[in-house]
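This report concerns only the one structure given below.
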2 protein chains.
Amino acid sequence: MADNLAENGRKSARTPKHWALKDRLLAMVAAAGPGGPLPGERALAEGFGVSRTTVRKALTELMAEGRLTRVHGSGTYVGSGKVTQRLQLSSYTEDMRSHGLNPTSSLLEAAIEAAEPELAALLAVPAGADVLRLRRLRSADGEPMAIETSRLPLTRFPGLEARVGDTSLYRVLWEHYGVELGHAEETIETTLATPADAALLGNEVGAVMLRLSRHSFDTDNRPVEWVRSVYRGDRYKFVATLVSPREVE
Amino acid sequence: MADNLAENGRKSARTPKHWALKDRLLAMVAAAGPGGPLPGERALAEGFGVSRTTVRKALTELMAEGRLTRVHGSGTYVGSGKVTQRLQLSSYTEDMRSHGLNPTSSLLEAAIEAAEPELAALLAVPAGADVLRLRRLRSADGEPMAIETSRLPLTRFPGLEARVGDTSLYRVLWEHYGVELGHAEETIETTLATPADAALLGNEVGAVMLRLSRHSFDTDNRPVEWVRSVYRGDRYKFVATLVSPREVE
DNA sequence: TAGTGGTCTAGACCACCCC
DNA sequence: GGGTGGTCTAGACCACTAC
């Protein structure tokens, strides 16, 4: 068996210099240990006999893989690996705590907007209806991790804008409106950090990100929120439990 | 409310030239229409009055976002957007068909290996036990989309290596071994295309990819397979349905 | 063979951090 | 001020495609 190997040699797996460099850099990463510093880019370029551009390309890739972090005026350091977050109907706070991290969340913005037609359809309100837009910066152990923008229909949750603060949004929904989440549709894709993302997350523009879009429904199947989040691709992975259709019933 | 805006101006959202370029390129994309060609990189550089390096950086980002595809000796073309795949215990084939795409799958490799300790633990077999490794290239409408590597315990499925072919693996498991999948744990994260990935997928080395790792169990809760896949980040997004713990019971 | 994208270089200048 | 990362340039050469 195993010899329809799809033309092994022909489309040769060429290894660019920047890719090969990664192995040598990884050795330095191992030597430096967690959080340890690497030599500067100019020193690396000279040491490896390549251009600084090539070194930077290799470093950028290692950063995207979560092996390194770069701090602008300061230096390049060994990264702290990825955190696994479960895709579930629970709060960010609980989730981080279960990983032994200290989660914080700062409200960047809370504003009322008129629903665009698309958003209106998602939230089952008339176009132009009042919608509360919440924008949060999520951090863990002081490091910015994700930016999350939620939209909720104020027609269903009158006065909600005055009740959002540091407490869990889902708790507010339950205690003040008797609403409990039943299910959600969550989409995951890759995206790149915009200048605004990069400024908030201490990232580079164009850094690899994971974009999640969540459409949540209550136990009566009515839409509750529409959330778009970007998570640092070098710090996060997500895990979901899939069940057989027969098991759900 | 809404004025703990986290120092709006200070960490200024600088917009690099390559990022600004994207808007102008996007206009050309809209004009060219689906599949249409863009001018060559040298022409773009001259036209926009920037270096070819900067043009390439912008093009690379647009490619990562699925707006463009580049073909080596040929040119740059308007991309075809992302396909949404549902995270569920179903076959790739069924999933693609439901999107009106014509899925194909070629077996790159089928080999027997001795289970490393980690893999052995995942498959609940003794270390060193025979494991069948299957490597497939998944395509849709002729375009390579994903590389999938599955490992199954041959101790549980004797003779499986002779039964894998073009039929669905899950069908073989059911018809010959009476095994049906019950649930799976699926992890999603970003990664970059290795030289081998790039050669198979017609990609660039370092292109943004989605890595999925699936650990599948049968209806008796015994592990059935361990699968690692890489999907082109510019072509795929995934969607999962989340249910409240109370609903599952 | 001519044109396209893919890789790499050497060097410049800017923005930021730390002393 | 001196060092670090971030951006950009102009140009060279290679690999691949199309003719």
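Basis for what follows: all heavy atoms, side chains included, without hydrogens, waters or symmetry-related copies. For clarity, every value in this text was computed on a predicted model and none was experimentally measured. Letters go in sequence order (proteins before strands), and every chain restarts at 1.
Not one side-chain nitrogen or oxygen of A:T76 sits closer than 4.0 Å to the OP1 or OP2 atom of D:dT4.
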What nitrogen or oxygen pairs link the protein and nucleotides 1-3 of chain C at under 3.5 Å?
from: C:dG3; atom 1: N2; to: B:G73; atom 2: O; distance (Å): 2.9

Under 3.5 Å, N/O pairs linking protein and nucleotides 10-12 of chain D:
from: D:dA10; atom 1: N6; to: B:T53; atom 2: OG1; distance (Å): 3.3

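Rounding to the nearest 0.5 Å places CE of A:M28 at 13.5 Å from CG of A:D23.
Distances were taken from every side-chain heavy atom of B:K17 (C-beta onward) to each of C:dC8, D:dT9, C:dT7; the shortest belongs to D:dT9.
Residues meeting the ring pair (Phe, Tyr, Trp, His ring centres under 6.0 Å) test with A:F238, sequence neighbours left out: A:Y231, A:Y236. A:E185 meets the salt bridge (charged side-chain N to carboxylate O under 4.0 Å, His left out) test with B:R86; sequence neighbours excluded. With sequence neighbours excluded, the residues satisfying salt bridge (charged side-chain N to carboxylate O under 4.0 Å, His left out) with B:E65 are B:K22.
Counting to the nearest Å, the P atom of C:dG6 and the CH2 atom of A:W19 are 16 Å from each other. Atoms CG (B:L25) and P (C:dG5) sit 12 Å apart, rounded to a whole Å. Taking atom CZ of A:R56 as the reference point, atom C1' of D:dT9 lies 15 Å away to the nearest angstrom. One can place NZ of A:K57 at 16 Å from P of D:dC8, the figure rounded to the nearest angstrom. Taking atom CD of B:E204 as the reference point, atom C1' of C:dT7 lies 10 Å away to the nearest angstrom. Atom P of nucleotide D:dG6 and atom CG of A:N203 are separated by 10 Å, given to the nearest angstrom. Atoms CD (A:E41) and P (C:dC17) sit 16 Å apart, rounded to a whole Å. If you take CZ of B:R70 and C1' of D:dA15, they are 15 Å apart, rounded to a whole angstrom.
Looking at residues 26-38 of chain B, you'll see that no heavy atom sits under 4.0 Å from any atom of DNA chain D.
Mapped onto DNA chain C by nearest heavy atom, B:P39 and A:P16 fall at different nucleotides, with B:P39 at the one closer to the 5' end.
Shown here is A:E113, whose CD atom has more than 12 heavy atoms of other residues, nucleotides or ligands within 6.0 Å.
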>> Working note: B:L210 + A:L210, criterion side chain to side chain contact (heavy atoms under 4.5 Å, CB included); need CA distance, chi angles, decisive distance, verdict.
In response: CA-CA 9 Å; B:L210 281 166; A:L210 281 166; 3.9 Å; yes
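Side-chain contact, A:S105 with A:R138: a donor N or O sits under 3.5 Å from an acceptor N or O.
Remark: of the listed residues A:E225, A:E148, A:E186, A:E186 is the sole one forming a salt bridge (Lys or Arg N to Asp or Glu O under 4.0 Å) with A:R214. The side-chain contact (heavy atoms from CB on, under 4.5 Å) with A:L68 is formed by just one residue from the set A:T60, A:L25, A:L26, A:L59; it is A:L59.
Here A:R232 pairs with A:E143 in a salt bridge; the nearest charged N to carboxylate O distance falls below 4.0 Å.
Considering every non-hydrogen atom in both A:G206 and A:L192, the closest pair reads O-CD2, 3.5 Å.
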